[in-house]
Amino acid sequence: MAKGKITLQMLSEIMASNTGRSKTATEAFVRTFFSSLKDALAKDNIIKVKGLGTFKMVVVNARESINVNTGKRVSISEYNKITFTPDKILKEKINRPFSQFETISLDEDDIDIIENTNETNEDVSDSVIKKDDKDLLKVEDRTADKKDKEEDNAALTIEKTEPVSTNTSEDENTELIVESASKAIVHSEEETDKANKKHKHFNWIWITLLFILFVGAAYTVGYMHIFTQIVPKQQQTTKTTLIKKTHPNTNVRSVKNDSATKSAPAKTSRDSIDMFPQIEDGKYYIVGTRTYRKIKPTYDIRRYCLQIYGSEEIVPYVLLYNNIDNESKVAVGSIIKFPKLIEKNEHLSNF
Amino acid sequence: MNNKDFVSEISTRLSISPSQCQQMISEFTNAMIDALEMDNEVVIAGLGSFEIKKKKERIMVNPSTGKKMLVPPKLALNFKMSNTFKNKIN
């Protein structure tokens with residue numbers, strides 16, 4: 001963040017161009033303004049400037065500290081400091097980009113709601129109403145009124161407003177959290193269990209559940225793909241499996257065993273090999289993904305191959321599997337799939 | 001020193017009316033904001049510098065009610081004394 005330094009002259013130039021006053025006039029004003037300010041600060045402890053703010057002379061107490069270089073204890077003596085607190089108008093002008101946010105009250109439950117954003121305004125207000133908290137119910141009435149009015153109040157700090165009135169911004173709430181929460185999850189069933197659990201644990205449970213769902217779905221899709229590519233031999237086996245499954249007297253266990261044993265060869269069949277790109281003269285077949293790794297400055301594909309397979313001879317398979325033409329062009333931070341391999345000799349024996 | 005006294009001091013120095021002076025103060029404030037908004041800092045020699053800093057959102061507890069509140073992120077104006085001024089007042 002390169003900061004440009006604005007001088008007194010530049011300020012007076014900006015002021016002149018904004019107002020149409022002459023540069024000499026604005027410069028004289030700015031100079032006088034600050035010199036008066038300096039003199040006033042020498043005289044009084046508090047200077048209030050309407051439209052700007054208050055400058056206050058504060059005494060900082062002596063304290064003990066440590067010299068960073070030597071590590072020895074050092075005592076910092078008492079000194080005077082000038083503090084500046086901007087005027088309310090100035091604060092609002094400066095905070096304009098963030099003016100739509102307001103301070104809101106939180107309950108333990110609310111933290112969960114806040115963390116799990118992307119809900120509509122209605123969802124949030126529904127869930128809030130369901131709680132028995134009187135304060136929140138009061139706020140709901142106010143929100144209904146205020147939703148039509150423009151929200152032009154600046155951020156309300158706790159010293160200046162009642163706690164109840166600050167929970168008026170469900171709209172802003174979701175916006176705020178979308179911006180600030182880096183790992184927000186979309187889910188619609190936040191009603192279920194969490195009241196006593198900490199919100200972080202709650203989050204992780206849902207992440208894991210969703211992940212398992214996605215993995216399961218992806219696996220099922222992959223598995224269905226195998227079934228659609230039917231080879232004559234396989235057709236018979238799948239037919240018999242289906243027949244056995246529908247037979248009323250069949251023991252459930254035996255059906256499971258049959259389908260299990262019949263599906264095992266299906267996995268290493270020609271179908272799974274056709275699903276992935278293969279190296280023709282290579283020693284191995286690619287039959288799926290074994291694991292994923294992220295490329296780091298100190299870990300490239302070769303190094304991961306050594307780690308995962310024990311040798312670098314698999315590197316061409318990895319490059320082929322990830323559609324990489326040029327090994328040196330693999331970007332740091334990219335996720336690489338490392339294939340599951342079977343030796344070609346071993347596979348042939350299954351036929 | 002309150003605003004009235006400060007403004008009257010400036011108006012006498014510049015030979016302008018206090019209302020004119022107050023008007024110019026707000027014009028000056030706007031000019032300062034324009035300058036600050038483009039990620040700059042306004043340096044006044046012998047006094048200090050003004051800078052806009054972004055404050056992250058935080059959870060705070062209302063001391064009177066004991067309720068937790070979420071304060072949203074905001075931009076705030078910051079003033080830092082210059083060394084010359086620091087020495088002057090100490």
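Labels below follow one simple rule: chain letters A, B, ... track the order of the sequence lines, proteins then strands, and each chain is numbered from 1.
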Contact class of [X] relative to chain A, heavy atoms under 4.5 angstrom:
X	answer
L77(B)	both
E37(B)	side chain
M32(B)	both
F6(B)	side chain
K54(B)	side chain

Find out whether [X] and [Y] are in side-chain contact, i.e. whether some heavy atom of one side chain is under 4.5 Å from a heavy atom of the other.
X	Y	answer
I6(A)	L36(B)	no
P86(A)	F79(B)	no
L8(A)	I44(B)	yes

Please rank N80(A), V49(A), I14(A) by heavy-atom pairs under 4.5 Å with chain B and give me the top one. N80(A)
Interatomic distance, T19(A) atom OG1 to E27(B) atom CD [nearest 0.5 angstrom]: 4.5 Å
Nearest-0.5 Å distance, CD1 of residue I89(B) to CD1 of residue I82(A): 4.0 Å
Any Lys/Arg nitrogen of D5(B) or K43(A) sitting under 4.0 Å from an Asp/Glu carboxylate oxygen of the other? no
Under a plain distance cut-off of 3.5 Å, with no hydrogens placed, do N30(B) and N18(A) share a side-chain donor-acceptor pair? no
Is T85(A) close to chain B through its backbone or its side chain, or both, or neither, when contacts mean heavy atoms under 4.5 Å? neither
